[in-house]
Amino acid sequence: PQYSSALFFEYNTQLGPPYRILLDTNFVNFAIKNKVEIVKGMMDCLYAKCIPYLTDCVRGEIERLGEKYRLALKVVKDSRIETLPCLHKGIYADDCLVQRVTEHKCYIVATCDKVLKRRIRKIPGIPIMSVGMRKFVVERMPDAPQ
C-alpha cells in the first residue's frame with residue numbers, strides 16, 4: 001500500500017502543537033460520566049494547546065440520541081469546540097471520522113468505541129485518545145524524533 005508523505009519514516013510529521021482532536025459521540029459521553037472537562041482534560045493530557053473538532057455527523061448523532069443526552073449536546077455547543085462540515089453522503093459518524101483521518105493525517109481521534117479504535121489502528125500514524133480513570137489517555141503517540 002502507498003503511504004502518505006506525512007509519515008516520514010515512522011513519525012507523523014503533520015502532528016504537532018496545536019493538536020487537532022476529532023471528537024466522537026461516546027468520547028463526549030464518557031468525559032461527562034468521568035467528570036472531565038473536555039478542553040482542560042486534553043491540555044492536561046498533551047501538555048500543549050488543543051483544538052477539539054466536531055464533525056457535522058457526530059453533532060447530528062448526539063442530537064439524534066435525544067433528551068437523555070442533552071448534557072452532551074450542551075457540552076459540544078462550547079465555543080472552543082470547532083465544527084467541521086461534512087461533504088460526503090450518509091450520516092454514519094464512524095465512517096466520517098475514518099475517512100477524514102485517512103485523507104488528513106493531522107488529527108488525533110478521541111473515542112472510546114472499540115470498533116472505531118480497531119479501524120483507526122489500521123491507519124498508520126493516527127494516535128487515539130480515550131477516557132481512563134478520570135483523565136484522558138493517548139495511545140500510540142509517536143515519540144519526538146531525535
Side-chain angles (χ1 to χ4, degrees), residues 1-65 69 71-86 88 90-146:
Q2 181 117 17
Y3 291 114
S4 168
S5 62
L7 300 174
F8 185 70
F9 297 119
E10 69 222 59
Y11 300 108
N12 187 342
T13 57
Q14 291 182 356
L15 202 61
Y19 293 108
R20 295 166 190 84
I21 301 169
L22 280 176
L23 301 176
D24 187 30
T25 308
N26 56 18
F27 181 82
V28 175
N29 291 331
F30 273 82
I32 292 168
K33 282 180 185 163
N34 285 290
K35 296 178 173 70
V36 182
E37 205 267 302
I38 289 179
V39 178
K40 184 182 180 305
M42 288 175 178
M43 290 190 187
D44 290 346
C45 177
L46 295 170
Y47 301 114
K49 181 172 171 37
C50 300
I51 306 168
Y53 287 97
L54 200 71
T55 63
D56 288 339
C57 292
V58 175
R59 186 178 297 275
E61 195 174 71
I62 293 171
E63 288 169 357
R64 281 192 305 276
L65 288 172
Y69 293 92
L71 184 59
L73 193 58
K74 197 177 205 176
V75 167
V76 298
K77 286 187 177 170
D78 186 348
S79 62
R80 295 173 292 179
I81 298 176
E82 297 189 23
T83 302
L84 293 172
C86 293
H88 57 84
I91 53 171
Y92 188 54
D94 290 4
D95 288 344
C96 174
L97 294 174
V98 170
Q99 177 194 354
R100 197 170 288 268
V101 296
T102 306
E103 291 171 8
H104 311 286
K105 302 280 188 218
C106 61
Y107 295 110
I108 296 172
V109 179
T111 184
C112 297
D113 184 358
K114 287 188 172 106
V115 177
L116 181 58
K117 279 185 182 181
R118 201 171 303 130
R119 286 176 68 184
I120 289 172
R121 282 187 194 113
K122 292 176 185 168
I123 305 167
I126 304 295
I128 300 169
M129 180 182 278
S130 58
V131 182
M133 299 194 312
R134 297 193 183 272
K135 64 181 182 186
F136 297 155
V137 290
V138 176
E139 110 185 15
R140 222 177 64 177
M141 186 74 163
D143 300 320
Q146 270 67 17

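Just so it is clear, the model here is predicted, and its values are computed rather than measured. Worth knowing before you read on, the calculation uses all heavy atoms, side chains too, and leaves out hydrogens, waters and symmetry mates.
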So [Y] and [X], do their side chains get closer than 4.5 Å, heavy atoms only?
| X | Y | answer |
| --- | --- | --- |
| Ile38 | Asp78 | no |
| Arg20 | Glu82 | no |
| Ile126 | Lys105 | yes |
| Leu84 | Leu22 | yes |
| Met42 | Val138 | no |

Rounded distance [0.5 Å steps], [atom1] in [X] versus [atom2] in [Y]:
| X | Y | atom1 | atom2 | result |
| --- | --- | --- | --- | --- |
| Leu73 | Leu65 | CG | CG | 9.5 Å |
| Met129 | Cys112 | CE | SG | 10.5 Å |
| Asn34 | Met133 | CG | CE | 10.5 Å |
| Met43 | Glu37 | CE | CD | 9.0 Å |
| Thr102 | Lys122 | OG1 | NZ | 11.5 Å |
| His104 | Gln99 | NE2 | CD | 8.5 Å |

From CA spacing to verdict: side-chain contact (heavy atoms from CB on, under 4.5 Å), Asp94, Asp24: CA-CA 8 Å; Asp94 290 4; Asp24 187 30; 4.0 Å; yes

Which pairs would a plain distance check flag for residues 45-58, meaning a side-chain donor or acceptor within less than 3.5 Å of a matching protein atom at least two apart in sequence or in another chain?
residue, atom, partner, partner atom, Å
Thr55, OG1, Val58, N, 3.3
Asp56, OD2, Cys86, N, 3.3

Residue pair Ile21 / Ala110: nearest heavy atoms and the distance that separates them: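 Where Ile21 meets Ala110 most closely, the heavy atoms are CG2-CB, 3.7 Å.
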
Exercise: identify the closest heavy-atom pair between Arg100 and Tyr107: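 Answer, listing the atom of Arg100 first, then Tyr107: CG-CE1, 3.9 Å.
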
Reference residue Tyr69; test side-chain contact (heavy atoms from CB on, under 4.5 Å); the match among Val28, Asn29, Val76, Ile32: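 Result for side-chain contact (heavy atoms from CB on, under 4.5 Å) with Tyr69: Asn29.
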
